[in-house]
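Numbering of ligands and ligand atoms starts at 1, following listing order. Note: hydrogens, waters and symmetry copies are ignored here, and every other heavy atom, side chains too, is used.
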Amino acid sequence: MRSRAGLPAPVITIDGPSGTGKGTIAGRLAALLGWHVLDTGALYRCVGLAAARRGVPLDDDTALGALANGLRIDFEGDRVLLNGADVSTDIRTAGASEQASRVAACPAVRRALWRLQREAARPPGLVADGRDMGTVVFPEASVKIYLDASSQVRVDRRYKQLKQKGMDASLPSLTRDLAERDRRDRERALSPLEPAADAVVIDTSALGIESVLAAVLAAVRQVLPDAEQRGAEPGAEGRGKQSTEQPGLAPEQ
Ligand code: DC
């Protein structure tokens, strides 16, 4: 199995703006392959939440870097634990999205999370979703996917998602928030959101999840024809086909 330059296991990266289905596709793909999955947006959300709770200014790079280095973030199935407490719902509010987007512009936070993200690459393989997985965190990834969609479609998807969860949602404010976060993600100096030069770009505007998954699987099988066998091997430390376990990320010692 190919695992390029220095990585202990092959990595598939899935990048793109919010509302393109990255998280769903990453989870489904990892389950199919029997690989680990890492939702890197949740890491930024945890840092933003911890900063807001502790009153750390969201533009204080040094303080935010120290904070990020000291957090323990664990994934247990669909649950996200921040220093042992379940924050799965707290990190998905509109406020938490805004806080995450702001701390994500801080170089010290990105440096702290870079190390944690790299450590998540473990056998039999990792599917990592985010904004800079293919460009900055795993430039040597075996397969790089970039999912895109029109702003309108992404706002509509987010609206439906929030409503389904019984959360408050208003289309005008979601439209404003998405435009602002897109701008911040794309224009920040460090690790801006952009497709890697060697990424497979898929516009999901008119596609359902199954069609996107089929396109992603086709791209993966071209480069890694034995990806599924690897995850199914006896003794593979992967997630197992049905498991949703993600690697635990401990603070810097
Ligand atoms: O994917 P998400 O909406 O959960 O991400 C939350 C925020 O974190 C979003 O504003 C972009 C930022 N982010 C980032 O800058 N880099 C990543 N690898 C993942 C997320």
- [ ] Please indicate whether any nitrogen or oxygen in S18 is less than 3.5 Å from any nitrogen or oxygen in ligand 1.
- [x] no

Task: Selection from R102, R110, R184, Q99 by shortest heavy-atom distance to atom 15 (O) of ligand 1 - done: R110

Task: Per-atom contacts, ligand 1 versus A104 - under 4.0 Å to a heavy atom - done: 12 (C), 15 (O)

TODO: Report yes or no: do I145 and V153 belong to one cluster of Ile/Leu/Val/Met/Phe/Trp/Tyr joined by side chain heavy-atom distances under 4.5 Å?
DONE: no

Task: V80 backbone acceptor or donor facing S88 side chain under 3.5 Å - done: yes

Task: Side chains of R45 and S97, donor plus acceptor under 3.5 Å - done: yes

Task: Within-cut-off N or O pair, D39 and ligand 1, under 3.5 Å - done: no

- [ ] Going by heavy-atom distance to atom 17 (C) of ligand 1, choose the closest among R158, E180, R131.
- [x] R131

Task: ILVMFWY network linking L217 to I209, side-chain heavy atoms under 4.5 angstrom - done: yes

Task: Interfacing atoms of ligand 1 (cut-off 4.0 Å, heavy-atom, M133) - done: 18 (N)

Task: atom 4 (O) of ligand 1: the protein heavy-atom neighbour that sits closest, reported with distance to 0.1 Å - done: R45 NE, 2.7 Å

- [ ] Report yes if R188 has an N/O atom closer than 3.5 Å to an N/O atom of ligand 1; otherwise report no.
- [x] yes

Open item on the list: I'd like to know if the side chain of R102 reaches the main chain of D59, judged simply by a donor and an acceptor atom lying under 3.5 Å from each other, with no hydrogens or angles considered.
Closed with: no

Task: Transitive ILVMFWY side-chain link L193 to W114, under 4.5 Å - done: no

Task: Nearest neighbour in protein (non-hydrogen) for atom 8 (O) of ligand 1 - done: Y44 CB, 3.5 Å

Task: Per-atom contacts of ligand 1 with S101, taking only distances under 4.0 Å to non-hydrogen atoms - done: 10 (O)

